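Below: the structure, in structure tokens.
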There are 2 protein chains.
Amino acid sequence: MLVDVVWHPVGMPAVAEPTARGADVVAAAGPAVPGHVGAEACCAPLVREPLSAESAAALARTLKAVADPARLRLLSMVAAHEGGEACVCDLTEPLGLSQPTVSHHLKVLVDAGLLARDKRGVWAYYRLVPGALDHLAGVLTTS
Amino acid sequence: MLVDVVWHPVGMPAVAEPTARGADVVAAAGPAVPGHVGAEACCAPLVREPLSAESAAALARTLKAVADPARLRLLSMVAAHEGGEACVCDLTEPLGLSQPTVSHHLKVLVDAGLLARDKRGVWAYYRLVPGALDHLAGVLTTS
DNA sequence: CGTCAACATCGATGCTCGTCGATGTCGTGT
DNA sequence: ACACGACATCGACGAGCATCGATGTTGACG
């Protein structure tokens, strides 16, 4: 459980892993705790030495979660919302997308480790994971 | 055709002002200037107030250029290469992709304003645009 | 002028992904 | 127990994209 593939710039055993398919894990069948996949990462400068294929794939998977207009707006709307958290009903209307689509995008962001889900009663509240976005920013920073 | 839309979170006119930020012209130097699309951007905190649909689309377009394993490796390989620049022939082999594919990815990065192309003789040298990646990182930073 | 090498562009193909309506699940109230 | 509302999941459709081989373009060199 919890494959937990971190980016780790270079070095490492660099195991074979021929299929390169492994680590897909969405962990959709989890009882309660979702298998958060990406985004914790150690801290790769990216512009330091050429990163390996596995590191690049892992980083790209997290960046893909952010590289979408709807998800970017969701992140900013959740962050800017009162109390730093918002439920789906708060996001569906201003986004202009259907409820299933919003739920899908939120799941992608949760799986990427950028959002945290907290179900209280009938409502599901989403909140930013404290250091997640800053980690991403740190990898892209050149200085 | 497609006047480059900058991110600019909300308010403020859509025109680019002279010294809005530090020095960083995406400006692919050369006679025939291509229709460079994104990436200069002013500076949106993202986690400040909900960004508009246009700003999100523009930001997502730039992030999509980075959210790919091959392009991430290209960025790091170019940055880590001697002199901070590399030609296509230096990148094709270590990447393990065909030459047309590498050229395609490089074009995407140039159009996004992240790489600059400099053709000298028969070779085309690519180099990082100074502040581009840091701007992207700045938008994602929450603090 | 002809040939070769380095890139860019083109067209096609297979896969990924964003979106939706329909449906399932779980709480809350009557 | 029943009905309703908030979300999650499913299956399907269409658009976008990564990749390749083939071909076009442009310098360098004899």
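By convention in this document, chain letters (A, B, ...) are assigned in the order of the sequence lines, proteins followed by strands, and residues within each chain are numbered from 1. All values reported here derive from a predicted model rather than from experimental measurement.
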Inset, instruction - Answer with base, sugar-phosphate or nothing: what part of the nucleic acid does A:Y125 contact at a heavy-atom distance below 4.0 Å? - result: nothing
Inset, instruction - Give one of base, sugar-phosphate or nothing for A:K119, where a contact means two heavy atoms less than 4.0 Å apart. - result: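 Here A:K119 touches no strand at all.
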Legend entry - Helix axis bend for the helix from C:dC1-D:dG30 to C:dT30-D:dA1 - C1'-based end axes, five pairs, 10° rounding: 20°
Would a 4.5 Å heavy-atom cut-off, applied to side chains only, mark [X] and [Y] as touching?
{"X": "B:K107", "Y": "B:D111", "answer": "yes"}
{"X": "B:L63", "Y": "A:L72", "answer": "yes"}
{"X": "B:L109", "Y": "B:V78", "answer": "no"}
{"X": "A:L51", "Y": "A:L46", "answer": "yes"}
{"X": "B:Q99", "Y": "B:S103", "answer": "yes"}
{"X": "B:L128", "Y": "B:L115", "answer": "yes"}
{"X": "B:V66", "Y": "B:R71", "answer": "no"}
{"X": "B:V129", "Y": "B:L114", "answer": "no"}

Compare the minimum distances between each of [options] and the side chain of [X], then state the nucleotide with the smallest one.
{"X": "A:Q99", "options": "D:dA8, C:dA8, D:dA18", "result": "D:dA8"}
{"X": "B:S98", "options": "D:dG21, D:dA18, D:dC17", "result": "D:dG21"}
{"X": "A:H105", "options": "C:dC20, D:dC7, C:dG18", "result": "C:dG18"}

Inset, instruction - Could you say whether B:V108 or B:P100 is positioned toward the 5' end of DNA chain D, judged by the nucleotide with the nearest heavy atom to each? - result: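 The 5'-side residue here is B:V108.
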Rounded distance [0.5 Å steps], [atom1] in [X] versus [atom2] in [Y]:
{"X": "A:D90", "Y": "A:W123", "atom1": "CG", "atom2": "CH2", "answer": "10.5 Å"}
{"X": "B:L91", "Y": "B:L74", "atom1": "CG", "atom2": "CG", "answer": "5.5 Å"}
{"X": "A:T101", "Y": "A:L106", "atom1": "OG1", "atom2": "CG", "answer": "11.0 Å"}

Nearest whole angstrom, please: distance from the [atom2] of [N] to the [atom1] of [X].
{"X": "B:L106", "N": "C:dA6", "atom1": "CG", "atom2": "P", "value": "16 Å"}
{"X": "B:K64", "N": "D:dG16", "atom1": "NZ", "atom2": "C1'", "value": "9 Å"}
{"X": "B:D68", "N": "C:dC15", "atom1": "CG", "atom2": "P", "value": "17 Å"}
{"X": "A:K107", "N": "D:dA6", "atom1": "NZ", "atom2": "P", "value": "22 Å"}
{"X": "A:D118", "N": "D:dA8", "atom1": "CG", "atom2": "P", "value": "12 Å"}

Looking only at side-chain N and O atoms, does [X] come under 4.0 Å of OP1 or OP2 in [N]?
{"X": "A:Y126", "N": "D:dA8", "result": "yes"}
{"X": "B:T101", "N": "D:dC20", "result": "yes"}
{"X": "A:H104", "N": "C:dC17", "result": "no"}

Which pairs, protein N/O on one side and nucleotides 28-30 of chain C N/O on the other, fall under 3.5 Å?
none

Inset, instruction - Please answer: with hydrophobic residues joined when any side-chain heavy atoms are less than 4.5 Å apart, are B:V88 and B:L97 in the same cluster? - result: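 They do share one cluster, since a chain of ILVMFWY contacts under 4.5 Å joins B:V88 to B:L97.
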Inset, instruction - Under 4.0 Å from any atom of DNA chain C, heavy atoms only: list the residues of residues 70-94 of chain B that qualify, in numerical order. - result: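 Nucleic-acid contacts, sorted: B:C87, B:V88, B:C89.
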